[in-house]
Amino acid sequence: MSQILEYARLLDEAAFNAKAVGQIDPQGELSLSDAYAVQSASIQRRVERGERRIGVKMGFTSRAKMIQMGIDDVIWGRLSDQMQYEEGSSVPFERFVHPRVEPELAFVLKKPLSGNVTAVEALAAVEAIAPALEIIDSRYDDFKFSLSDVIADNASSSGFVIGAWNDPQQDFSNLGLTLNIDGRTVQVGSTAAILGHPLRSLVAAARLSAAAGEPLQAGWVVMAGGATSAEWIKPGQYVSIEMERLGVAGFHVKG
Ligand code: OOG
Ligand code: MG
């Protein structure tokens, strides 16, 4: 237990100070349940500092992300209000170690959603969907980690931006999208890259968070996972996602 709290302190301080640390589990020996216990303890430290839990993010839900990071298990992480930046705002670069951005789809729930649910049940709990950008930032040197490392590090959660909310009663299984930096398209993809349909990511989020004793709440956000590989971001850039039918979302990186 004390080892888990010690890892949680190390990773939380690394995030708080935007200073990388060495991997805690380079050999892949830490169990996944211990890794999630580290994640839970590290988010607890944030809550004790006054941050509020506002949802969940899913990771490695697309082949592109699995291949980029060399991990092929779906993971999840905990989102706090402090990680959310207003659409169109300036995000301070110094808050991060070595941030990357990826295009995602976000859900907001109108009802709690818990356990083994069908896609139809999951959709019935969705208030709205939106194009979104996730800023991921590994707290490990060189953005290198094992599966347990990245789970313990809250699935690299560090920031996210959500565009205008849209009606979920439409087909969002295969919406084209682009990730753009300074007006240049750097990634092209589709929401279909997210487990074949982003709703499957919500179904998985409902199951995993309930199993951890923290069922999805009404009002919570669920980030479905990157649809393409992630791109490095640098001070001075303007980063945006454009999603077919759902619209755009963006932010400035303040140097
Ligand atoms: C881990 C987080 C993965 C996604 O959308 O697949 C993730 C990482 O790549 O650092 O957020
Ligand atoms: Mg992501």
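Order of appearance sets the numbers: ligands from 1, and atoms from 1 within every ligand. Sequential numbering from 1 along the given sequence is applied to the chain's residues.
Hydrophobic clustering of Ile, Leu, Val, Met, Phe, Trp and Tyr side chains at less than 4.5 Å, counting indirect connections, keeps Leu109 apart from Ile162.
Take the N/O/S atoms of Glu102: the one nearest the Mg ion (ligand 2) is OE2.
Arg78 has its side chain within reach of Glu214: a pair of non-hydrogen atoms, C-beta onward, lies under 4.5 Å apart.
Scanning for side-chain contact (heavy atoms from CB on, under 4.5 Å) contacts around Phe143 gives Met69, His98, Arg100, Ile136, Ser138, Phe145, Ser156, Trp232, with sequence neighbours left out.
Separation of the Tyr36 and Trp76 ring centroids falls under the 6.0 Å cut-off.
The Mg ion (ligand 2) lies at the vertex of an angle of 100° between the OE2 atom of Glu104 and the OE1 atom of Glu134 (rounded to 10°).
The backbone N or O of Met58 sits nowhere less than 3.5 Å from a side-chain atom of Thr61 that would complete a donor-acceptor pair.
To the nearest 0.5 Å, atom CD of residue Gln44 and atom CG of residue Asp12 are 11.0 Å apart.
The immediate protein surroundings of ligand 1, defined as residues with any heavy atom under 4.0 Å of it, consist of Lys57, Met58, Gly59, Phe60, Lys65, Met69, Glu102, Glu104, Glu134, Ile136, Phe143, Phe145, Val150, Ala155, Ser156, Gly225, Gly226.
Asp182 and Gln237 form no side-chain donor-acceptor contact under 3.5 Å, judged by distance and modelled atom types alone.
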